[in-house]
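In what follows, chains carry the letters A, B, and so on, assigned in the order in which the sequence lines appear, proteins first and then strands, with residues in each chain numbered from 1. Any value given below was found using the heavy atoms of this structure, including those in side chains, with hydrogens, waters and symmetry copies removed. Please read all numbers here as calculations on a predicted model, not as lab measurements.
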There are 2 protein chains.
Amino acid sequence: MTRASSRRPGPPTRTERGIPEATVARLPVYLRALTALSDSGIATASSEDLATAAGVNSAKLRKDLSYLGSYGTRGVGYDVEYLRYQIAREIGVTQDWAVVIVGIGNLGHALANYSGFGTRGFRIVALLDADPTLVGERIGEMEVRDFAELEDIVKADRVSIGVITTPAGPAQDVCDRLVAAGVTSILNFAPVVLSVPDGVDIRKVDLSIELQILAYHEQRKSGEAALPQVPELPALNGMPDLPSVGGGVGA
Amino acid sequence: MTRASSRRPGPPTRTERGIPEATVARLPVYLRALTALSDSGIATASSEDLATAAGVNSAKLRKDLSYLGSYGTRGVGYDVEYLRYQIAREIGVTQDWAVVIVGIGNLGHALANYSGFGTRGFRIVALLDADPTLVGERIGEMEVRDFAELEDIVKADRVSIGVITTPAGPAQDVCDRLVAAGVTSILNFAPVVLSVPDGVDIRKVDLSIELQILAYHEQRKSGEAALPQVPELPALNGMPDLPSVGGGVGA
DNA sequence: AGGAGCTTGTGAACGTGAGAACAAAATCGG
DNA sequence: CCGATTTTGTTCTCACGTTCACAAGCTCCT
Ligand SMILES: NC(=O)c1ccc[n+]([C@@H]2O[C@H](COP(=O)([O-])OP(=O)(O)OC[C@H]3O[C@@H](n4cnc5c(N)ncnc54)[C@H](O)[C@@H]3O)[C@@H](O)[C@H]2O)c1
Ligand SMILES: NC(=O)c1ccc[n+]([C@@H]2O[C@H](COP(=O)([O-])OP(=O)(O)OC[C@H]3O[C@@H](n4cnc5c(N)ncnc54)[C@H](O)[C@@H]3O)[C@@H](O)[C@H]2O)c1
């Protein structure tokens, strides 16, 4: 769309190299769908095909792709390999990003053992933990190292992405250390809201929240008529005991 | 201006017991923040306090809470315990929901070992796997059982939520089996788009996608002026080799 | 009692995103 | 060479979500 020829007086100031956030979040899904098609030996796909594979509707997919440029051919569709490359380039996964994982407990172990990151644009360069009994343990090809080495590792390997899988308590401290060391993107698994300075991106993954969202809808399905059971406005001290639902900050 | 649409007589359809999806997704965050405040012995909190604890702005928080009812006191704030109970009730986590986990590999083990679900409204009633060498293994208080027992377990324990942590390949089959057995909410960790019939809710957690979203922004930060390196429109066969970035469907 | 000072709840403006619809471009058959 | 057919890229409109701003309502102090 940014063909040099058209100087559009149009209002929305398109393609100032800025892609809507909602679209950015879907590009990885398209990338995966394209890879699947490619692996099946399919060379060309229409927006309809792609949309089905990605689980979205085709108008949305076409609009999303139009932010990257005009990479399709009218009457034909998209060249799978070519589009895959363009999306990978736009996302920035044509070369690997160095990642450190902090907190090698249950979840950290699972991530460390996961082979899927390497094929998707990421390279885990270090597994860090503060627990001395864990340091030195081998996981696959890697060895758990002391969290104190963080700064050296970040500097040596140009690490820009950090993954936090420690308990909630130390998470903010770990986060601060990561940021101070130069990490500018953080993926947080601990159930706390982390605060970071401007310029640092943070995303969270929270399984309890996902389950609770499902629970809300589940309650709607089954409870249609069973809701009025609970009083709408019990006295301030007159509500049932609620042991500790919602989860605290502890590990 | 977008001033049009003078044909909207009724306000915004006064909440027919329907809470906006974006709000539903934030309620669990508020619930957690309230629990943290409660654990700190704080009995009352203003929308500003709560908003800070939850990492949102206070206007949004107040609007979100207003969908549940008028549970605050002007000039004072919100009673922490009372509001916590109201949100828990709205989400539906005042009593536990039965959950099964299918695919007890790296990730399944981590989830099985996680103690946080019990305190947040969920009870894991079974760990299922198709691999006979895994069946019978003890994990904490539980034992891995054969996937074939799914139907019995769902029926016996009134399971409505299923978690899929199998490789991508079998995920759709597992999903179909879950749905057929009566599960109506699914949390999927496998990197595939699952299709489910109407009435079944599905949510996905995809770590590679989260990392790729971070990578996109990361590239923006560092690449400001380094982008023009790559040609905008290379010949269809003239692009660099892209080994397999984007990830396939394999495990 | 009455006013000062807070804080909620909400109406309205604004911004972003989704989807329907269609004109523009490409292929293909005759 | 032309018209039928296919499918993209884009425009338009509507729905949803966020933020501002402020009147309504509560408490406390004098
Ligand atoms: N395991 C799950 O399935 C699961 C599910 C949802 C959320 N979570 C969250 O993910 C996080 C990790 O969970 P887990 O089950 O792996 O916990 P875990 O207790 O098994 O592991 C935490 C690890 O972090 C390390 N650690 C603690 N403080 C540290 C510090 N200051 N610096 C570096 N390392 C430190 C500990 O030594 C430990 O190895 C927790 O916040 C948990 O709430 C886990
Ligand atoms: N481990 C991670 O950190 C991680 C990260 C991102 C995504 N994932 C995704 O999560 C999923 C699980 O990852 P993992 O590392 O635990 O894999 P894994 O291979 O360790 O475990 C998969 C388990 O599923 C079981 N299984 C296979 N087919 C089954 C079937 N038909 N019915 C029941 N059980 C079956 C296997 O026996 C195995 O125990 C994968 O889809 C992976 O892509 C994992």
Side-chain angles (χ1 to χ4, degrees), chain A residues 1-3 5-16 18-27 29-30 43-52 54-80 82-83 86 233 236, chain B residues 1-16 18-27 29-30 42-52 54-80 82-83 86 233 236:
Chain A
M1 100 176 306
T2 318
R3 299 326 311 272
S5 51
S6 55
R7 190 79 196 98
R8 219 163 258 125
T13 321
R14 280 277 160 267
T15 316
E16 187 57 47
I19 297 178
E21 196 53 36
T23 296
V24 171
R26 282 187 295 266
L27 290 180
V29 180
Y30 302 156
T44 301
S46 70
S47 62
E48 202 67 53
D49 299 337
L50 263 175
T52 302
V56 302
N57 101 8
S58 65
K60 182 151 55 180
L61 180 131
R62 285 200 301 278
K63 184 179 278 195
D64 284 341
L65 294 185
S66 79
Y67 290 117
L68 313 193
S70 274
Y71 295 139
T73 307
R74 293 172 192 228
V76 178
Y78 300 89
D79 180 276
V80 171
Y82 181 57
L83 183 58
Q86 293 298 341
L233 269 164
L236 263 179
Chain B
M1 302 316 179
T2 324
R3 191 37 91 74
S5 83
S6 53
R7 48 184 274 284
R8 184 155 270 279
T13 321
R14 200 50 177 125
T15 312
E16 187 64 45
I19 297 178
E21 197 52 38
T23 296
V24 170
R26 282 187 295 266
L27 290 180
V29 180
Y30 303 156
I42 294 169
T44 303
S46 69
S47 62
E48 202 68 53
D49 299 337
L50 264 175
T52 302
V56 301
N57 102 7
S58 65
K60 181 149 58 178
L61 179 131
R62 285 199 302 278
K63 177 153 282 192
D64 283 343
L65 293 185
S66 78
Y67 290 116
L68 314 193
S70 274
Y71 295 139
T73 307
R74 293 171 192 227
V76 178
Y78 300 88
D79 181 275
V80 171
Y82 181 56
L83 182 58
Q86 292 298 342
L233 270 164
L236 264 178

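- Rounded to the nearest 0.5 Å, atoms NZ (K60(B)) and OG (S47(B)) are 14.0 Å apart.
- Between V56(B) and Y30(B) the shortest side-chain heavy-atom distance falls below 4.5 Å.
- Residues T23(A) and G72(B) both approach DNA chain C. Their nearest nucleotides, taken by heavy-atom distance, put G72(B) toward the 5′ side.
- Between the OG1 atom in T23(B) and the CD atom in E21(B) there is a gap of 9.0 Å [rounded to 0.5 Å].
- Side-chain nitrogen and oxygen atoms of Y78(A) include at least one within less than 4.0 Å of the OP1 or OP2 phosphate oxygen of dG9(D).
- The side chain of E21(A) lies closest to dG17(C) when the candidates are dG17(C), dT8(C), dT10(D).
- Partner of L61(B) under the side-chain contact (heavy atoms from CB on, under 4.5 Å) criterion, chosen from D49(B), V29(B), L50(B): L50(B).
- Computed from coordinates, the L65(B) CG to dG9(C) P distance equals 7 Å when rounded to whole Å.
- The CG atom of N57(A) sits 10.5 Å away from the NZ atom of K63(A) when rounded to the nearest 0.5 Å.
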- Item | Contact pattern, 5' to 3', of nucleotides 19-28 of chain D - B, S or - by protein heavy atom under 4.0 Å | BBB--BBBS-

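- Rounded to whole Å, the distance from OH on Y67(A) to P on dT10(D) is 11 Å.
- One finds no side-chain N or O of S47(A) lying less than 4.0 angstrom from the OP1 or OP2 phosphate oxygen of dT7(D).
- For the atom pair CG of L68(B) and CD1 of I19(B), the computed distance is 5.0 Å after rounding to the nearest 0.5 Å.
- Across the helix from dA1(C)-dT30(D) to dG30(C)-dC1(D), the helix axis at one end is tilted relative to the axis at the other end by 0° (nearest 10 degrees, each axis from five pairs).
- In this structure, the separation between OH on Y78(B) and OG1 on T44(B) is 12.5 Å, given to the nearest 0.5 Å.
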